[in-house]
Amino acid sequence: MQDLVGPQNENLKRLESRLGVTLNLHGNIVAIEGDDQQALKAQTALMTLYKRAATGQHIDNGDVDAAARLSGQHTDVAELTLRTRKKHISPRTPGQSSYLRLLADHDLVFALGPAGTGKTYLAVAQAVAMKLAGHVDRIVLSRPAVEAGERLGFLPGDMKDKVDPYLRPLYDALFDMMPGDQVARNLESGDIEVAPLAFMRGRTLSNAFVILDEAQNTTPVQMKMFLTRLGEGSRMVVTGDLSQVDLPVGARSGLEDALNILKGVKGVGRMAFTSADVVRHDLVARIVEAYDAAGAKRLQK
């Protein structure tokens with residue numbers, strides 16, 4: 001119960017502000033005051049958090065916000081929880097719930113949306129969970145190095161040193177889900193591979209979970225090359241944000257091209273996140289909304 005309510009009842013106060021109810025703690029009982037619909041949501045949120053606390057998992061502000069967001073959904077969060085070596089990862093928005101279902105049910109998933117929506121993080125979590133369960137033999141994580149010409153050449157070190165800065169977000173996600181020594185061992189053995197997109201050419205990736213991040217910065221030729229690497233027993237996730245294309249002016253994004261070509265193809269899942277799915281600082285969602293509104297105004301002119 002202490003874990004549920006938080007220090008100085010912080011978790012209850014946060015739920016109150018999110019759901020518009022009043023929560024009063026009487027010993028081991030939480031009394032809920034509010035209209036019927038919001039009170040029911042609060043009850044659902046509290047039970048979700050209680051289940052989390054009962055399994056020994058820490059409850060932070062993000063977990064409280066997630067419970068509030070999902071309280072109106074017919075979603076069993078425990079059913080969608082991914083178990084990795086370091087933490088249990090659950091959806092924090094209705095969009096993330098839908099995304100995890102797509103990842104479980106489709107061999108190829110495209111995930112679109114702004115930063116902070118969890119599109120890459122959850123894909124890596126799914127990959128790690130599937131590898132730990134023995135459903136795939138290895139994980140392959142890739143990103144395009146959009147400045148792979150002369151600017152990259154001026155960076156010090158060998159090729160690995162030059163491309164690692166582009167791949168750092170993928171490493172960060174791995175280290176968040178697995179102990180550092182296990183990540184190092186898997187990287188050394190090849191069970192986990194983190195490589196720039198150019199290294200994928202000519203390969204067939206079988207029994208693997210393959211993720212292409214920042215896919216808006218691929219060309220149509222690169223995207224076709226990547227998608228046709230999919231081998232037997234493999235899953236593939238392609239993530240990107242079409243509002244953040246760094247290709248030369250006039251160049252067509254391979255991600256946009258693939259979405260149009262593969263529309264309606266059986267076995268291909270597609271998830272479009274919005275600012276409502278941003279799970280970073282609250283201000284990030286407002287920033288995304290402001291940029292979207294500004295972009296819409298420019299299109300109207």
Side-chain angles (χ1 to χ4, degrees), residues 1-100 113-122 124-125 128-129 169 172-173 175-179 273-290:
M1 181 61 79
Q2 277 188 329
D3 292 335
L4 171 66
V5 302
Q8 284 81 53
N9 296 345
E10 281 182 7
N11 295 344
L12 296 187
K13 294 173 184 175
R14 195 171 183 92
L15 268 184
E16 286 180 330
S17 67
R18 293 291 188 270
L19 296 176
V21 297
T22 300
L23 302 176
N24 297 304
L25 182 64
H26 305 288
N28 281 339
I29 297 174
V30 179
I32 305 170
E33 295 179 16
D35 70 61
D36 289 349
Q37 185 176 9
Q38 293 306 106
L40 185 59
K41 287 183 179 180
Q43 180 186 24
T44 301
L46 285 168
M47 290 306 300
T48 297
L49 293 171
Y50 185 82
K51 288 178 183 177
R52 184 176 182 86
T55 57
Q57 299 178 69
H58 175 66
I59 296 175
D60 58 23
N61 287 344
D63 297 316
V64 176
D65 292 346
R69 289 191 201 100
L70 293 168
S71 59
Q73 305 292 313
H74 298 293
T75 299
D76 186 347
V77 173
E79 205 174 274
L80 297 172
T81 297
L82 300 173
R83 289 163 178 78
T84 67
R85 293 288 188 206
K86 290 180 72 172
K87 60 169 65 174
H88 293 177
I89 298 166
S90 301
R92 293 191 165 188
T93 69
Q96 288 190 351
S97 295
S98 299
Y99 184 42
L100 288 179
T117 53
K119 56 188 183 294
T120 301
Y121 188 84
L122 290 176
V124 175
V128 171
D172 290 343
F175 281 107
D176 205 30
M177 297 166 199
M178 300 174 67
F273 289 105
T274 69
S275 58
D277 295 298
V278 172
V279 291
R280 292 180 182 171
H281 194 289
D282 288 347
L283 182 57
V284 175
R286 296 196 292 274
I287 290 171
V288 171
E289 289 171 356

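What you see is a predicted model, and the numbers here were worked out from it, not measured in a lab.
- Here the closest heavy-atom approach between residue Val278 and residue Val288 is recorded as CG2-CG2, 4.4 Å.
- With a 4.5 Å cut-off on side-chain heavy atoms, Val128 and Thr84 count as touching.
- In terms of heavy atoms, Leu15 sits closest to Ala68 at CD2-CB, 4.0 Å.
- To the nearest 0.5 Å, atoms OG (Ser71) and CD (Gln37) are separated by 9.5 Å.
- The side-chain heavy atoms of Arg286 and Leu283, taken from C-beta on, include a pair separated by under 4.5 Å.
- Taking NZ of Lys41 as the reference point, atom CG of Leu19 lies at 7.5 Å (rounded to 0.5 Å).
- When the shell of 6.0 Å around CG of Asp35 is examined, it contains more than 12 heavy atoms from other residues, nucleotides or ligands.
- Between Gln8 atom CD and Lys13 atom NZ the span is 7.0 Å, to the nearest 0.5 Å.
- The line from CG of Leu4 to CG of Leu12 is 6.5 Å long, rounded to the nearest 0.5 Å.
- The two residues Leu70 and Pro94 have their closest heavy-atom pair at CD2-N, 3.4 Å.
- Residues meeting the side chain to side chain contact (heavy atoms under 4.5 Å, CB included) test with Asp277, sequence neighbours left out: Thr93, Thr117, Phe273, Thr274.
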Item to check | Residues Asp63, Arg52; criterion salt bridge (Lys or Arg N to Asp or Glu O under 4.0 Å); working and verdict | outcome: CA-CA 9 Å; Asp63 297 316; Arg52 184 176 182 86; 3.4 Å; yes

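- For the pair Leu82/Leu100, a side-chain contact is recorded, criterion being any heavy-atom separation below 4.5 Å from C-beta on.
- Considering only heavy atoms from C-beta on, Leu80 stays 4.5 Å or farther from Ser90 through its side chain.
- Every residue meeting the side-chain hydrogen bond (donor to acceptor under 3.5 Å, both in side chains) condition with Arg14, not counting sequence neighbours, appears here in chain and number order: Asp65.
- Arg69 and Arg92 make their closest contact through NH1-O, 2.8 Å (heavy atoms, listed as atom of the first residue, atom of the second, distance).
- Looking at heavy atoms from C-beta onward, Leu40 lies in side-chain contact with Gln43 at the 4.5 angstrom threshold.
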Please output the side-chain donor-acceptor pairs of residues 21-32 that fall under 3.5 Å, not counting sequence neighbours, one pair per line with the distance.
unit_1, atom_1, unit_2, atom_2, d
Asn24, ND2, Glu33, OE2, 3.2

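- Residues Lys119 and Pro114 share a closest heavy-atom pair of NZ-O, 3.1 Å.
- Taking the side chain as every heavy atom from C-beta outward, Ile59 and Val64 approach each other to under 4.5 Å.
- Rounded to the nearest 0.5 angstrom, Asp172 CG and Met177 CE are separated by 10.5 Å.
- Distance CG/Asp176 to CE/Met178: 12.0 Å, rounded to 0.5 Å.
- Taking the side chain as every heavy atom from C-beta outward, Gln96 and Tyr121 never approach each other to under 4.5 Å.
- Considering every non-hydrogen atom in both Ala39 and Gly34, the closest pair reads CB-O, 4.2 Å.
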